[in-house]
Structures are given as C-alpha cells and as structure tokens.
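Read through the structure below, which is laid out as structure tokens, and then see the notes.
Throughout, protein chains are lettered first and strands after them, A, B, ... in sequence-line order, and every chain is numbered starting at 1. When reading the values below, keep in mind they use all heavy atoms of this one structure, side chains included, and skip hydrogens, waters and symmetry mates.
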2 protein chains.
Amino acid sequence: MQPDIATLGSLIGDDSRAHMLTALMGGKALTATELALEADITAQTATRHLTQLVTGKLLTVRKQGRHKYFQLANHQVADVLESLLTLSTQLTIPHIKTGPSDPALRFARVCYDHLAGEIGVQLYNGLVTQGLLLDQGDVTHLTDKGRRFFSKQGFDMDAYAGSKRPLCKSCLDWSERTNHLAGSIGKWILQDLFEQKMVTRRLDSRAVTFSDRGLMRFKARYGL
Amino acid sequence: MQPDIATLGSLIGDDSRAHMLTALMGGKALTATELALEADITAQTATRHLTQLVTGKLLTVRKQGRHKYFQLANHQVADVLESLLTLSTQLTIPHIKTGPSDPALRFARVCYDHLAGEIGVQLYNGLVTQGLLLDQGDVTHLTDKGRRFFSKQGFDMDAYAGSKRPLCKSCLDWSERTNHLAGSIGKWILQDLFEQKMVTRRLDSRAVTFSDRGLMRFKARYGL
DNA sequence: GGTACAGTTCGATGACCAGCGAAGCATGAA
DNA sequence: TTCATGCTTCGCTGGTCATCGAACTGTACC
C-alpha cells in the first residue's frame, strides 16, 4: 500500500483548516471557538473541521471542563507545516516582499516552540559567528564550545541525551529566508525567555513582544 | 498577506495529482501520458492536473519534439513531499507493516536523487560507524575523514563548495524509518552507481536493481 | 502527401464537501 | 432550578472541481 499523501494534503488544503493549523503553529493549545474565530467560520463548521483534523491525526484534543483544547499532534506535523509555509512564500511572493506584513510578527514570533523572525535570525547568526553553532548549509550542529556555553546558561544537556529530537536544528525562516534555531535548544531558549520574563506573548497571534529591558538582557546574554 | 499553504495543500491533496507527484519523486522526468497512466486517468484530465501543478510552481516542463517532460521544480518540493510521505506512513500504517509492499522497492529505490531503502540505510549506517559521517539525531555532517574518503573516490568537493544545498543531509526513510543519506553526496553516490553500471533502473518505478557483481563492488567500496 | 501519436480545448455531468440555520447536549455559574 | 456558554448533530444548499467524450492542434515518421 502506498502512503496516502493525498488525504494529508487535502486536510491541509482547505482554507479554514489551513488557518487553524497555522494558528496552532504558535504552539499554544487553542479552544474550538478560538479556532473558529481565527478561521472566520461558525462554530458548527469548525467542529466538523476539527474532528477531521483529529481523526486525521494532525491534532490532539484535551478536554477541560466545557472547553476543548486543540494542539498540533507532534513536531513532525509542525515540521511539515513549516516546510509548506516556506515553500508557499517562495512560490506566491517570489521577489516582492517576503513574509508577514505585521512588523511585530516580522520582528519576533513563535514558530511552534521556538523563536523566529528577525530576532530569531540574529540569534542564530550570532551563535554561529561566536563558534557555538556550526552551520553547514541546512545542517547545523552544536560545537563543544556551544555545549559548554548552554550548560552554563542552565540548559540540562543530559535531560535531552536520549531524546529523538535533535538538540539543535536549523529551521528556514519564512519571513527572513534564512535560518533560525529550532530543536531542543531552540525550544529551551524560548521557554527560558518567558521564564525570565524578557518577553511576553500576544494573546491573539504568534507575535512575541520584548520589553526594553528584556531585549537588552537577551542581547547581552547571547552576545548580539 | 499570509502565505497560502491551503492552495499548496489542495494541489497535493488530490489523488491523481498525488500519484503523479510521488511518481516524479523518482527524479526522472516523465511525459504527460506516462503520468496519466500512473494516475490511471485519461490524457485530458492529466493535462488539466499538470497545468495546475506547473502554474502552482510544483513542476517544471520541458518540451521535446511532441513530448512534454515533467519534473519536480526543485528539492524544496521534493523535501516537502518526502516529509509528507514519512508523516503519512507514520499515521496511516502505524505499527503493522512499514512502507512499500514491493520487496524490490523496499530493498533499493531512488528518493528523488539519492539512494533509499534497506541498502540506503545500510550505506548510511556503514558510513557512520566508519567515522565518515557524524550523526547527531536529525542533523548529520561529514567528518574530515569523510571528506578525504569521498575526495579519493572522485567526488569533487570544490564544485559544491558554493552550493546552497548541504553536502550531506539525513533523510528519513519511509520504509525503514531510519536515516539514509541525501544531500549533494547522496546524489553523487547514486549517479556514480549508474555510471559505474553497478545498478540499473527499472523503467516503471522508483526501484533500482543491483547486479550481483555491482552489489559486491558497492559493498566493498563503502565497507559494508 | 498521409497516417499515427502526443497533447490540448471545450462542454456536460456528477460527486463531494464547506457552509450555515436550527435545534440539541453538556458543563459551569448564579 | 435557571441561565449562559461551549460544543455538537442534522439536514439542506450551493459552489467547486475531477472526470470523460468528442473534436482539435501540432509533431514525427514513412
């Protein structure tokens, strides 16, 4: 039996569902009504789409009281979506203006579970020039110096030793068209930013906002 | 403007088109009628689908006499398709039997422009254990020893120095569920196999066939 | 020239499916 | 209990689009 990419494609290939999925690329779990608003459809139709996405194994649900929280099923799904996003920007907006029109989104946003946008790209480049990451085209890995650096920052290297997910991984930024940092370290950096209260999250979008002081601390910390 | 992954998805999300695309994952350019046969539809409908795919920038055409040869537009498209293939096998055939039923396909096949299947995975693992590749999860890179080895084999390292495509890249095998080797080196290895006449290509599928002698030479060459 | 074949255009048909209104169920709050 | 809210089920409607038959253009080969 051939793997059925057609059903997968048609699941993504509907406007409303595509909106929902991109909204969920923010990494947060969203309720059915939130997703309905996002896709600009009524609750009834949203239900239909959501059940399709769940039975299609692209989403998972968690019931909490009278709310239902939906989430992307795993990183593989997120990866596929991100690659589709990248490809589609390349195709649809070839050389005019790249990426999101909202400047805040363009500056800093969440890409599933890590940081993207201008600042994400700056971070990536900075880490490379400092010799903490080694970039070899699409493939990127952490240098020994990088390991020591992130350990010192509080990243628990051993906790991720057995994980199937790569420690670090470059992710093509669909607004900037260059790499930013994904993988376990990318995730950790973002989490850490929230915990250290350097950034806050906009409620209604993937954008993240740096406080003035947060931005300074961030740049100092990663030598930007 | 948001990137439009919906149209991209719906392009892939049709059975006939999906068949055509997976057929083209073999890397060879195919004619319109060949693709029509592949998708089991008439020539007229094939034309419609193909024009859609071309205007959607997923395929490119080359006219040659009275034939039209279609091909995937670039690796990015191939990458998206491969990731979709992988995801869909994970989803649809969860734990029963992985991958293609055809044993020849399972043993050795072309994945766009490099070698996949059991033998592809063997090659990858062999290169890793010999210290020619360094595998760090999803990210893989060529070691210095590996550079020397491939240079000696006749791979022109300098020719790819400026290429945006990574020299080596792991690609998740959808039948074996482990990595095989993609990237420029993966491509070179496959080309070399054809040139050295160690393998021949089946006309109608992605499967490649090793001659007995070819298999021996291949294993000797890469220390398997 | 004529014949065969590759690919196209057009129009008609039919199926699928997103969308919503209306009504119903379930949970939590007053 | 009553009300509000979140989500669901049902049935209908309309639009979109894949499919094919029939007829057409263009290329190749004899």
- Query: Nearest heavy-atom pair of T7(A) and S10(A): which atoms, and what distance?
  - Reply: O-OG, 3.0 Å
- Query: Taking 5' to 3' order, which nucleotide of DNA chain C is first and which is last to have an atom within less than 4.0 Å of a heavy atom in chain A?
  - Reply: dA18(C) to dG28(C)
- Query: Would you say T42(B) reaches dT19(D)'s phosphate, i.e. side-chain N/O to OP1/OP2 under 4.0 Å?
  - Reply: no
- Task: On DNA chain C, check which nucleotide each of F70(B) and T45(A) is closest to and give me the residue with the more 5' one.
- Result: F70(B)
- Any donor-acceptor N/O pair, D15(A) side chain to A18(A) backbone, under 3.5 Å: no
- Taking all non-hydrogen atoms of both residues, which atom of I185(A) and which atom of L181(A) are closest, and how far apart? CG2-CD2, 3.9 Å
- Task: Under the side chain to side chain donor-acceptor pair (under 3.5 Å) rule, collect the residues that match up with E34(A), sequence neighbours excluded.
- Result: T31(A)
- How long is the gap from NE2 on H114(A) to CG on L123(A), to the nearest 0.5 Å? 11.0 Å
- Message: Base contacts versus sugar-phosphate-only contacts with protein, heavy atoms under 4.0 Å: please encode nucleotides 11-17 of chain D as B, S and - from 5' to 3'.
- Response: -------
- Nearest whole angstrom, please: distance from the P of dC7(D) to the CD1 of I41(A). 13 Å
- With sequence neighbours left out, write down each residue that passes salt bridge (charged side-chain N to carboxylate O under 4.0 Å, His left out) with R221(B), or none if nothing qualifies. D192(B)
- Item | Heavy-atom donor-acceptor pair, R17(A) side chain to L11(A) backbone, under 3.5 Å | yes
- Query: Would you say N74(A)'s side chain and V77(A)'s backbone share a donor-acceptor pair under 3.5 angstrom?
  - Reply: yes
- Message: Any side-chain N or O of S16(B) below 4.0 angstrom from OP1/OP2 of dT19(D)?
- Response: yes
- Checking dT9(D), dG6(D), dC20(D) against the side chain of T33(A) (C-beta onward), the nearest is dG6(D)
- In chain order, what residues pass the ring pair (Phe, Tyr, Trp, His ring centres under 6.0 Å) check against F70(A), with sequence neighbours excluded? none
- Between H19(B) (NE2) and dA18(D) (P), how many Å, whole number? 16 Å
- Item | Contacts of type side chain to side chain donor-acceptor pair (under 3.5 Å), residue T42(B), not counting sequence neighbours | Q44(B), T45(B)
- Using a cut-off of 4.0 Å on non-hydrogen atoms, how would the nucleic acid contact of T51(A) be classed: base, sugar-phosphate, or nothing? nothing
- With F155(B), which residues qualify under ring pair (Phe, Tyr, Trp, His ring centres under 6.0 Å), at least two apart? Y160(B), W188(B)
- Note on the structure: In whole angstroms, the gap separating P of dC7(D) from CG of L35(A) amounts to 9 Å
Sort me out a list of protein N/O and nucleotides 22-30 of chain D N/O pairs below 3.5 Å, or just none if empty.
{"from": "dT27(D)", "atom 1": "O2", "to": "R66(B)", "atom 2": "NH1", "distance (Å)": "3.3"}

- Message: Just to verify, what does R217(B) make a salt bridge (charged side-chain N to carboxylate O under 4.0 Å, His left out) with, not counting sequence neighbours?
- Response: none
- Atom CD of E34(A) and atom P of dT5(D): how far apart are they, to the nearest Å? 16 Å
- Task: Could I get the full list of side chain to side chain donor-acceptor pair (under 3.5 Å) partners for Q76(A), not counting sequence neighbours?
- Result: none
- Query: What pairs with Q191(B) under side chain to side chain donor-acceptor pair (under 3.5 Å), at least two apart in sequence or on another chain?
  - Reply: none
- Note on the structure: The bend of the helix from dG1(C)-dC30(D) to dA30(C)-dT1(D), taken between the axes of its five terminal pairs at each end and rounded to 10°, is 30°
